[in-house]
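Data first, discussion second: the structure below is written as structure tokens.
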Amino acid sequence: MKPLRIGNFSGFYGDRSDALREMLTGGEVDVLTGDYLAELTMLILARDRLKDPSAGYARTFPRRLEDCLGLAHERGVRIVTNAGGLNPAGLAGEIRRLADRLGIPVRVAHVEGDDLTAAYPGTLAAHAYLGGFGIAECLRAGADVVVTGRVTDAALVTGPAAAHFGWRPDDHDRLAGAVVAGHVLECGTQATGGNYAFFAEGDVRRPGFPLAEIHADGSSVITKHPGTGGFVDVGTVTAQLLYETGGARYAGPDVTARLDTVRLAQEGPDRVRIEGVRGEAPPPTLKVGLNRLGGFRNEVVFVLTGLDIEAKAALVREQLADALAKTPPSEVRWELVRTDRADADTEETASALLRLVVRDPDQQVVGRALSGAAVELALASYPGFHVLAPPGKGAPYGVFEDVYVPHVGATHRAGASDVDTDHVPAPHVPTAHVPTAHMSVPHVAVLHDGRRVPVPPPQETRPLAAVPDPPLPEPLPPGPTRRAPLGLVVGARSGDKGGNANVGVWARSEDAWRWLAHTLTADTFRQLIPESRDLPVTRHLLPNLRAVNFVVEGILGAGVAAQARFDPQAKALGEWLRSRHLDIPEALL
């Protein structure tokens with residue numbers, strides 16, 4: 001059977017506006033997927049919905065589609081997107097009105113049932129991560145465009161693949177292969193050289209968007225349209241495979257994919273084959289993302305220039321101590337960032353930044369009282385006093401949490417462990433947020449003709465259990481070493497999942513893997529990344545990818561919307577790690 005060519009035209013809400021047209025005109029493709037949703041995006045859409053109950057979806061998508069809907073219809077390309085966000089029915093209706101206005105006979109369907117907000121009082125949005133079989137139901141019924149709310153990112157690929165090849169829910173290996181391909185595609189150009197550790201090895205000024213040629217057995221080839229920028233090689237695919245993952249079991253609502261079984265091979269220029277992926281029955285629970293307002297935050301950044309940087313910083317902190325003590329915020333954080341250089345030839349490079357961040361449930365506590373105290377220092381503090389921007393009245397910030405609800409109607413696999421190590425609620429989640437076992441998630445495919453088709457849960461589930469670490473490779477023989485940056489011999493990619501961060505590190509040769517596996521332990525990671533020293537750090541070995549993946553719990557506080565650290569999504573945590581120095585065998589340098 002001919003492979004199904006599935007491409008991506010969006011990796012986030014705000015991606016390149018001309019990517020849909022580029023993918024439609026650049027080469028052969030059967031299905032195009034657009035991923036718009038992230039933890040922060042759901043909060044943004046929830047705040048939109050507060051202002052306008054008819055909102056809650058990505059408003060840029062209809063504008064993008066207006067230019068390309070006729071072209072997609074003419075070429076027989078189906079479009080699947082989670083741009084529906086909190087209101088997939090609303091977006092589906094707008095697309096129908098757009099098609100009618102343009103005179104294009106397009107069948108539009110949508111998937112719903114993920115919205116559990118009513119069950120979680122106090123949240124702005126609570127949404128279950130659905131799988132791909134609702135999408136498959138819509139496509140089998142003839143939909144040209146399928147809109148979803150909160151589905152897993154990979155479901156945008158597993159749904160079309162299941163519909164095309166007739167896969168059943170128990171086709172675990174095939175589904176797992178599609179999940180892996182979907183995970184590679186979901187972030188768009190991150191698979192084609194974007195945000196890549198070794199970006200200098202190709203022209204990544206404007207990377208093309210990726211596509212996967214998926215076969216009936218679940219294997220795939222990751223590639224891109226001819227003539228587009230960027231590049232696809234084993235490294236770019238490995239980097240994306242490690243992004244925002246944890247251990248060997250990559251769990252989802254349709255299947256648990258075993259990342260330790262993935263095999264990659266360079267098949268040709270810009271072509272990487274993925275095969276050997278094994279799958280297991282999905283866990284008995286669905287992840288539910290909760291977004292709520294956490295309180296209010298305010299920020300002031302003082303610029304300290306020239307000499308006596310430490311003394312200037314101490315003076316400001318002492319001067320503001322009284323203002324902070326009058327009505328103490330629940331959280332006060334000072335951070336001195338030494339961007340200054342001695343004998344600098346520009347004022348900017350002679351300056352350091354002192355950042356004050358305060359948080360509290362009461363806007364008044366972080367608002368004008370603090371702002372006024374900071375501004376009043378303008379003529380009464382350190383020499384050269386100024387701030388990057390005037391402090392404001394305090395802005396709301398969000399908190400992301402995840403909890404888990406059971407698949408209703410599913411049966412556990414006989415003999416499977418009851419330990420659900422990867423899906424237990426995070427320690428900071430209040431138990432009051434955990435619903436009863438009787439809560440159901442009404443996964444429904446709303447077809448283009450208005451029929452509502454319930455999507456049954458998986459009939460077999462398997463609670464997750466930790467995969468024992470595989471044996472380590474043989475260590476390198478002793479030899480001379482040199483103190484050098486880790487990134488000279490390994491790549492890394494990092495990302496966020498709620499308050500946790502992951503850092504995937506991979507080697508590009510067998511010798512480098514032998515050294516990496518023995519050298520970069522969890523303890524060494526803590527030494528190199530001081531922020532992690534008092535946090536749980538778990539290392540997972542993935543020998544097929546020549547990779548180690550670290551999960552650092554709690555480093556991001558309450559998630560990206562809370563902006564608890566300088567890099568709130570841990571996007572650059574991997575690059576920081578690569579810049580740290582270790583004793584590296586000279587044979588690898």
Side-chain angles (χ1 to χ4, degrees), residues 11-12 38-40 129 152-154 179-180 182-184 186-187 190-191 195-197 235-252 256-260 262 287 289 400-402 421-424 426-428 464 466-467 469 486-487 490-507 516-517 520-526 528-533 535-560 562 564-580:
F12 70 102
E39 294 166 2
L40 180 60
Y129 288 67
T152 64
D153 300 339
V179 163
V180 170
H183 182 57
V184 174
E186 69 186 49
C187 290
Q190 278 197 172
N195 299 352
Y196 182 53
T236 65
V237 173
T238 299
Q240 180 55 28
L241 276 177
L242 295 171
Y243 182 64
E244 295 183 346
T245 60
R249 286 190 164 104
Y250 185 65
T256 294
R258 290 290 298 262
L259 298 183
D260 55 342
V262 176
K287 178 179 175 179
F400 176 86
E401 300 167 340
D402 51 27
T421 56
D422 291 343
H423 274 60
V424 294
H428 63 271
L464 296 178
V467 176
D469 274 343
L486 176 64
V490 300
R493 178 164 287 168
S494 54
D496 65 313
K497 280 296 179 186
N500 301 338
N502 93 290
V503 185
V505 183
W506 78 95
L516 174 68
L520 195 57
T521 63
D523 286 341
T524 302
F525 183 96
R526 289 189 184 94
L528 297 175
I529 305 296
E531 283 182 78
S532 70
R533 287 178 183 172
L535 299 173
V537 177
T538 305
R539 184 179 90 149
H540 302 280
L541 286 168
L542 297 168
N544 280 8
L545 300 178
R546 294 196 293 225
V548 290
N549 196 15
F550 296 91
V551 177
V552 187
E553 297 179 32
I555 193 171
L556 304 179
V560 55
R565 70 187 295 271
F566 170 68
D567 174 18
Q569 290 181 282
K571 296 289 189 182
L573 187 58
E575 286 302 292
W576 179 23
L577 179 67
R578 292 181 70 235
S579 74
R580 300 306 309 271

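What's counted below: heavy atoms across the whole structure, side chains too, no hydrogens, waters or symmetry copies. Everything numeric in this text was worked out from a predicted model, so none of it was measured.
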Side chains of H540 and V548: closer than 4.5 Å at any heavy-atom pair?
no

Flag side-chain contact, heavy atom, 4.5 Å: L259 against V180:
yes

Report yes if the side chains of L241 and T245 come closer than 4.5 Å at any heavy-atom pair, otherwise no.
no

How far apart are the closest heavy atoms of L577 and V505, and which atoms are they?
CD2-CG2, 3.7 Å

E39 side chain vs G498 backbone, donor-acceptor pair below 3.5 Å:
yes

Quick one: does H183's side chain have a donor or acceptor within less than 3.5 Å of a partner on Y243's backbone?
yes

Is there a donor-acceptor pair closer than 3.5 Å between any side-chain N or O of R539 and the backbone N or O of L520?
yes

Side chains of R580 and L486, heavy atoms from C-beta outward: is any pair under 4.5 Å?
no

Please report the closest heavy-atom contact between A492 and G574, naming both atoms and the distance.
CB-O, 3.7 Å

Nearest 0.5 Å, what's the OG1-OH distance between T152 and Y250?
7.5 Å

Would you say that V467 contacts R258 through its side chain, given a criterion of any heavy-atom pair below 4.5 Å between the two side chains?
yes

Indicate yes or no: at least one non-hydrogen side-chain atom of K287 is less than 4.5 angstrom from one of D402.
yes

Spacing of L541 atom CG and D469 atom CG [to the nearest 0.5 Å]
4.5 Å

Checking side chain to side chain contact (heavy atoms under 4.5 Å, CB included) against L573, which of N502, I529, D496 comes through?
I529

Closest heavy-atom contact between V179 and A257?
CG1-CB, 4.2 Å

Y196 OH to T238 OG1 distance, which is reported to the nearest 0.5 Å
7.5 Å

Supply the atom-to-atom distance T521 OG1 to F550 CZ, rounded to the nearest 0.5 angstrom.
7.0 Å

Short question: side chain of S532, backbone of L535 - any donor-acceptor pair under 3.5 Å?
no

Would a distance-only check, ignoring hydrogens and angles, find a side-chain to backbone donor-acceptor pair under 3.5 Å from S494 to A570?
yes

Nearest atoms (heavy-atom pairs only) where T236 meets A191
OG1-O, 3.1 Å

Taking all non-hydrogen atoms of both residues, which atom of G554 and which atom of N500 are closest, and how far apart?
N-OD1, 2.9 Å

Rounded to the nearest 0.5 Å, how far does CG of L556 lie from NZ of K497?
12.0 Å

Side chains of W576 and D567, heavy atoms from C-beta outward: is any pair under 4.5 Å?
no

Verify, without hydrogens or angle tests, whether R546 (side chain) and W506 (backbone) share a donor-acceptor contact under 3.5 angstrom.
no

Drop me the distance from R493's CZ to K571's NZ, to the nearest 0.5 angstrom.
9.0 Å

